[in-house]
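To keep things clear, I will list the structure first and then write my remarks on it.
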There are 2 protein chains.
Amino acid sequence: MSTPLRLGIAGLGTVGVGVVKIVRQKAALLSARAGRDVVITAVSARSRDKDRGVSLKGYAWEDDPVALAKRDDVDIFVELMGGSDGPAKAATEAALAAGKDVVTANKAMLAHHGQALAEQAEDKDRVLRFEAAVAGGIPVIKALTEGLAGNEITRVMGVMNGTCNYILTRMQATGQGYDVLFDECARLGYLEADPNLDVGGIDAGHKLALLSSIAFGTQVDFDAVELEGIQSITLEDIRQAADMGYRIKLLGVAQMTGRGLEQRMSPCLVPDASPLGQLEGGTNMVVIDGDAVGQVVLRGAGAGEGPTASAVMGDVMDIARGFRVSTFGMPATALKQARPARAVTPAAYYLRMELQDKPGALARVAAALGEAGVSIHRMRQYDHTTDTAPVLIVTHKTTRAALDAALAALPGTGVVTGDPVALRIEEV
Amino acid sequence: MSTPLRLGIAGLGTVGVGVVKIVRQKAALLSARAGRDVVITAVSARSRDKDRGVSLKGYAWEDDPVALAKRDDVDIFVELMGGSDGPAKAATEAALAAGKDVVTANKAMLAHHGQALAEQAEDKDRVLRFEAAVAGGIPVIKALTEGLAGNEITRVMGVMNGTCNYILTRMQATGQGYDVLFDECARLGYLEADPNLDVGGIDAGHKLALLSSIAFGTQVDFDAVELEGIQSITLEDIRQAADMGYRIKLLGVAQMTGRGLEQRMSPCLVPDASPLGQLEGGTNMVVIDGDAVGQVVLRGAGAGEGPTASAVMGDVMDIARGFRVSTFGMPATALKQARPARAVTPAAYYLRMELQDKPGALARVAAALGEAGVSIHRMRQYDHTTDTAPVLIVTHKTTRAALDAALAALPGTGVVTGDPVALRIEEV
């Protein structure tokens, strides 16, 4: 039996407490599996006195996570504080500088500083792992980096924000509107402190940027992710999509195209009978296409104490077993800068807009779309009691550029009120 | 860059050729990911002259896989011959004895000799890996051994034989009978040389025994797997199950119970809206329940050149990156012998039998079931033109022991013709 592996944990929120529980309650099992004991030597959090429902007895306490990161009795610095900058980044850098391995659940930090941190880790011959940062308990980083290492990955796709999926599936199931369910999520504690991270697609976009990097051997480029949130999705959209055999999902897609790397996180229509369409509530799903393996689908809880702690422990156990793999699957210095490609893969789109109740209004919209090169597959106008009429259009396959040109031309028709909603139809 | 990792491949059937293609066509990608070149130095197969659609130029040839396994220029012996004993086992043992790591796709060999081979590997401080042996391209061994290493696994379940799932889903979709689809599978090359390995559930049972070992830290015990094939499933069963909202799947379940380890591979009814129920054609699915992670579902191609070669390469790349993990997730000498528990978890059952068209026949059957402690939830007798009547019974939850007692009592009623079909209803 080797020497024990010593963890220093910074951040004792839900996930940190989950990790403490696993290490305390399953010492024998972890030891048998890793061939050495896994222990916690020191912890750090904002408040020392808070009752967390778990004993911290025997662990040294540090008020300052940077001090924790540098301790001689810490082998792995486990960063569970969150936040893209500030203490999390400072402590991670300090840990790597001090020659510690780092395990983190911090998607925001890696989405913004992943390349620099990965380079720092490699300079020091240390590992920086982040299974818990993407899709909670699903071992997707491991599947992509290791299990599918013999594949050229052609596409990575997924539903990676449980809160958004909860809102969208509850809208469908209960007929309640977005605002009602947003408030419910706030009450249930499902939302980040800044809710826009969830409903604006930013959190899920961070995760997609990390998966892209591994899948395509490119430097993390979160700024290149086309982001669109779910705030403008109405019950009417959900119902119309259902009528056509689709569900609306906040879907991330990363795909290497001839024109560069396409990364988008946006509400899309997916076939309701597909695994993605069937995904209910807070569950996450990642769909990976590889040239040898075909399609692999992974599904599981996207958040929560147990699932996220499980992912952290997966990384810890790898390190305990002596496994050292590059942060993004190949040396950070070998990762290429991808040319961002804005949605070049053509698709059909679902459009919803409000038309003024004037003669010829529909014709003017149809003409504007036609001039932009967008042809109409279906068009439907609804009964209405107000002075604008809801109109729904499904286009034939078109590029995003053509669609954007069409959308830009709509105000000029003089008959469209407000901003149209445009959702991509993804034939997954 | 370290020294190249040198593979010796024994067996150049579908999977072997797939591995050769990946190594030849993706040399740069593999090298970037592993931090070293991955090369093939020598191969072995039955016939040297066969055209396999891939160049073997530059590889040494060995007629004898044992000789290949011992070659000085081989670091990893890749065993893709198949067969539980004979040359595959002899060559694997020779490779380990000669200090080589081994990667194999051979579920039969590991189901029968996994414990001895794992012990031999550890004696020599070598690794023996087998991702390709279970569920084709799905990285499930990796997920279970590594990604979920912080979990106590409570259940592993899955559809792991694509041929059986193809037959069952085609019966439902086309209304063709078992025999017709069996013949179709034979024509399409979907069946093993001994078809009973597929349709008798043996192949899938091998896979379940391997997953059990990792999940529960127990020695592989294939003989303790309760096996039942799909040969007796009729179109009528498929239709009746569908009427009740179920699909019939050849489902493997491994579960640690208070009375020991339950392992069964048998046709079961699963809810048609569940991920398992929705699984079509040759696709495989594994469902893992862990105490921290909750439920993780993995889905992908269960067989074929690309998917299986992808799994082999996952293992090869781990070894190339220096990762060394015990065959079954903990040292072989630490694996316990589990007490086999025969289906102790209660379930409802679906029963179909032929009754002679006599007054009181149904009452006699109901009485026999009741005396054995099996109570009836639903019972239905069909129109018939022959002199026996098909009767369908759904029981309340009962133990397998009570059900077996009931089945044993049925011939004594004097009204049951032939063997009843009894299928477990699994509320997944």
Side-chain angles (χ1 to χ4, degrees), chain A residues 18-19 21-23 26 29-30 32-35 131 136-143 145-152 217 273 275 278 285 290-301 304-307 309-314 316-318 320-326 329-331 334, chain B residues 18-19 21-23 26 29-30 32-35 131 136-143 145-152 217 273 275 278 285 290-301 304-307 309-314 316-318 320-326 329-331 334:
Chain A
V19 172
K21 283 184 192 165
I22 292 178
V23 173
K26 295 186 200 166
L29 184 66
L30 299 178
R33 287 180 177 163
E131 185 66 81
I138 306 174
V140 58
I141 302 290
K142 181 166 274 288
T145 316
E146 304 163 29
L148 304 178
N151 286 262
E152 195 167 306
Q278 293 282 312
M285 181 176 283
D291 63 346
V293 78
Q295 189 168 87
V296 172
V297 180
L298 311 172
R299 171 190 160 130
E305 177 184 309
S310 167
V312 169
M313 289 307 299
V316 166
M317 291 294 282
D318 273 357
R321 284 162 161 166
F323 191 23
R324 313 191 72 72
V325 67
S326 304
M330 59 174 72
Chain B
V19 172
K21 283 185 193 165
I22 291 178
V23 172
K26 296 187 200 165
L29 185 66
L30 299 178
R33 287 178 177 164
E131 185 66 81
I138 306 174
V140 58
I141 303 290
K142 179 165 274 289
T145 316
E146 303 163 30
L148 304 179
N151 286 262
E152 196 166 303
Q278 293 281 312
M285 180 175 283
D291 62 346
V293 79
Q295 190 168 87
V296 172
V297 180
L298 312 172
R299 172 189 158 131
E305 177 185 307
S310 167
V312 169
M313 289 307 300
V316 166
M317 292 294 282
D318 272 358
R321 284 162 161 167
F323 191 24
R324 313 192 72 72
V325 67
S326 305
M330 59 174 72

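Order of the sequence lines sets the chain letters (A, B, ...), proteins ahead of strands, with each chain counted from 1. When reading the values below, keep in mind they use all heavy atoms of this one structure, side chains included, and skip hydrogens, waters and symmetry mates. Since the model is a prediction, treat every value here as computed from it, not as a measurement.
Both the backbone and the side chain of B:V296 come within contact range of chain A, judged by heavy atoms closer than 4.5 Å. For B:Q295, the part lying near chain A is the backbone, with the side chain staying farther off; criterion is any non-hydrogen pair under 4.5 Å. Interface residue B:A273: only backbone heavy atoms are found under 4.5 Å from chain A. Both the backbone and the side chain of B:A301 come within less than 4.5 Å of a heavy atom in chain A. Both the backbone and the side chain of B:P307 come within contact range of chain A, judged by heavy atoms closer than 4.5 Å.
For A:S310 against B:V293, the heavy-atom pair with the smallest separation is OG-CB, 3.6 Å. The two residues A:E146 and B:D318 have their closest heavy-atom pair at CB-OD1, 3.8 Å. Nearest heavy-atom pair, B:L148 versus A:G137, reported as atom, atom and distance to 0.1 Å: CD2-O, 4.1 Å. Heavy atoms only, all atoms of each residue included: A:L29 and B:N151 are closest at CD2-O, 3.8 Å. A pairwise comparison of heavy atoms in A:I22 and B:A292 identifies CD1-CB, 3.9 Å as the closest pair.
Put simply, of B:Q278, B:E152, B:E305, the one with the most heavy-atom pairs under 4.5 Å next to chain A is B:E152. Contact count versus chain A (heavy atoms, under 4.5 Å) is highest, among B:K21, B:R299, B:M313, for B:R299. Comparing B:G314, B:A149, B:A334, B:P139 by how many heavy-atom pairs each has under 4.5 Å with chain A, the most go to B:A149.
With rounding to the nearest 0.5 angstrom, the CE atom of A:M317 is 11.0 Å from the OG1 atom of B:T145. To the nearest 0.5 Å, atoms CZ (A:R321) and CE (B:M330) are separated by 8.5 Å.
No side-chain donor-acceptor contact under 3.5 Å links B:K142 to the backbone of A:A143.
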